[in-house]
Amino acid sequence: MKILVTGGAGFIGSAVVRHIIQDTNDSVINLDKLTYAGNLESLSTVSGNERYAFEQVDICNRVELDRVFAAHQPDAVMHLAAESHVDRSITGPADFIETNIVGTYMLLESARAYWNGLDEMRKSAFRFHHISTDEVYGDLPHPDEVDVGEMLPLFTETTPYAPSSPYSASKASSDHLVRAWRRTYGLPTVVTNCSNNYGPYHFPEKLIPLVILNALDGKSLPIYGKGDQIRDWLYVEDHARALYTVVTTGVVGETYNIGGHNEKQNLDVVHTICDLLDEMVPKASSYRDQITYVTDRPGHDRRYAIDASKMSAELDWQPQETFESGIRKTVQWYLDNQQWVNNVKSGAYQSWIAQNYEERG
Ligand SMILES: NC(=O)c1ccc[n+]([C@@H]2O[C@H](COP(=O)([O-])OP(=O)(O)OC[C@H]3O[C@@H](n4cnc5c(N)ncnc54)[C@H](O)[C@@H]3O)[C@@H](O)[C@H]2O)c1
C-alpha cells in the first residue's frame with residue numbers, strides 16, 4: 001500500500017510514519033505544511049528510506065493537493081494534519097478554523113476527485129482515515145460529582161458531540177464533514193477518536209514534555225486550577241499501531257474510539273514524572289517542589305475517558321504499554337535525546353527547515 005499521511009511531521013503523525021516504514025512493507029507520502037509543530041528531525045530514522053517521500057504542502061491549497069494525489073497515486077489517506085493545542089485555540093482560533101475545517105474540506109474534495117478517477121478495484125479498496133480526538137465529546141462527570149459507588153460513564157462511539165473549546169469544536173466540524181462525504185458521495189471513510197497521547201518527540205508545549213523539560217531546567221511546573229482534571233493517557237506508539245490497524249482492517253463508515261485505559265488526574269501525572277526524575281536525575285530537593293498552581297484554562301473540561309472495547313473486540317487491538325511503563329520510557333527518551341530537545345527549544349529545527357525547504361504554492 002501507498003499511504004498519504006497528512007501531518008506526518010507532527011507528534012502522532014511522525015510515530016505513524018516511523019511505524020509504517022519500520023514495521024510494515026508499505027510506503028508513505030508525508031504531506032505536511034511544517035508549522036511550528038512540524039519537525040522533520042522526528043523522522044531522521046526513516047527519511048532516507050526509499051519507501052518514504054515528503055511533500056511540504058498546506059492542506060488548504062487545493063491545487064497542490066491535486067498535484068500530490070496525481071503524482072503519488074496513494075491507496076489510502078491518513079489525515080492527521082491539524083492545529084492541535086487547546087490553549088492556542090483560545091488565544092487565536094482562526095488557524096484552527098482554517099486548517100481543521102477548511103483544510104479537511106479541501107482534502108476531502110481533492111481525495112474525492114482522485115478516488116472518482118480510480119478503476120473499480122482500487123476505488124473500492126481506497127480508504128480516507130480521519131484522525132480525531134475524544135475532546136469532541138465534551139466533558140464527562142468527575143468522580144467528585146457522582147455518588148459513591150455510582151458507575152462513571154465513558155465515551156463510546158455513539159456519545160453525542162458536545163465540544164467545549166475552539167480546538168475541539170473545529171475537530172468536531174471536521175468529523176462531521178468526513179461522515180457527510182461518506183454518506184453523500186460514498187467516499188470510503190473511517191474515523192477514529194483518541195484520548196490524550198504522550199511519548200517521544202512530543203512538542204514541549206503539551207503537559208508531559210513541558211513538565212519533564214521544565215523540571216530538568218529548574219523552572220516551575222504549572223498546574224491548571226487544582227490539577228484534578230482527568231485524562232485517559234495513551235502511549236503514542238500504541239496509537240500509531242491502532243491507526244494502522246484501522247486503516248488496513250477497519251470497516252468503511254465506522255467510527256472507532258481509541259484509549260489507553262489510563263485515567264489519571266493531571267496532578268498525579270506531574271507527581272509521577274517528578275518521582276521518576278528524583279530516581280533518574282536526583283538532586284538535593286524533590287522536583288515536586290517546583291510545582292506551582294496557575295489560573296485554570298477557561299472552559300476546561302474536567303474529565304475524559306474512552307471506552308475502547310470496540311477496537312479490541314472488532315479489530316483485536318490492545319495497548320501494549322501501561323501508563324507506568326510508557327511514562328518511564330518517555331522520561332528516559334527526553335533524557336537520551338538532548339539534541340532533539342535543544343533544537344526544539346532553540347528553534348534551530350525551524351531554521352534547518354527554512355534552509356532546506358520552501359513551501360510550494
Ligand atoms: N496529541 C493528542 O493527544 C491527540 C489526541 C487525539 C487526537 N489527536 C489528533 O491527532 C492529530 C495529530 O495530533 P498531534 O498531536 O500529532 O499534532 P501536532 O500539532 O504535533 O502535529 C500537527 C502536524 O500537522 C501539520 N499541519 C498543521 N497545519 C497544517 C496544514 N494546514 N497543512 C499541512 N500540515 C499542517 C503540522 O506541521 C504538524 O506537523 C490531530 O488531528 C489531532 O487533533 C491528537
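Counting starts at 1 for both ligands and their atoms, following the listed order. Keep in mind the model is a prediction, meaning the values are calculated, not measured.
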Next item on the list: Output the list of atoms in ligand 1 that are nearer than 4.0 Å to some heavy atom of Gly38, sorted by atom number.
Entry: 37 (O), 38 (C), 39 (O)
Next item on the list: Check ligand 1 against Cys194 and write out every atom of the ligand that is under 4.0 Å from a heavy-atom position of the residue.
Entry: 5 (C), 6 (C)
Next item on the list: For atom CZ of Arg297, decide whether the heavy atoms of other residues, nucleotides or ligands shown that lie under 6.0 angstrom number more than 12.
Entry: yes
Margin query: For Glu321, is there any backbone N or O sitting under 3.5 Å from a side-chain donor or acceptor partner on Ser325?
Written below: no
Checklist line | Part of Asn100 with heavy atoms under 4.0 Å of ligand 1, whether side chain, backbone, both or neither | finding: neither
Margin query: For Lys171, which part has a heavy atom under 4.0 Å from ligand 1: side chain, backbone, both, or neither?
Written below: side chain
Notebook entry, point to check: Any N or O of His79 that comes nearer than 3.5 Å to an N or O of ligand 1?
Noted result: no
Next item on the list: List the closest protein heavy-atom neighbour of atom 32 (N) of ligand 1: residue, atom name, distance to the nearest 0.1 Å.
Entry: Ile59 N, 2.9 Å
Check: Any non-hydrogen atom of Gly103 lying under 4.0 Å from ligand 1?
Finding: no
Next item on the list: Considering the heavy atoms of Ser195, write down every atom of ligand 1 situated less than 4.0 Å from one of them.
Entry: 5 (C), 6 (C)
Next item on the list: Mind checking whether Asn193 contacts ligand 1 via backbone (N, CA, C, O), side chain (CB onward), both or neither, at a 4.0 Å heavy-atom cut-off?
Entry: neither
Item checked: Selection from Thr104, Thr35, Leu80, Val136 by shortest heavy-atom distance to atom 27 (C) of ligand 1 -> Thr35
Notebook entry, point to check: At a non-hydrogen distance cut-off of under 4.0 Å, which region of Tyr201 contacts ligand 1 (side chain, backbone, both, or neither)?
Noted result: neither
Item checked: Option nearest atom 3 (O) of ligand 1 (shortest heavy-atom distance, choices Leu243, Asp134, Asp32, Asn197) -> Asn197
Notebook entry, point to check: Any N or O on Cys60 sitting closer than 3.5 Å to an N or O of ligand 1?
Noted result: no
Checklist line | Parallel, tilted or perpendicular, as decided by the 30° and 60° cut-offs, for the rings of Trp340 and Tyr334 | finding: perpendicular
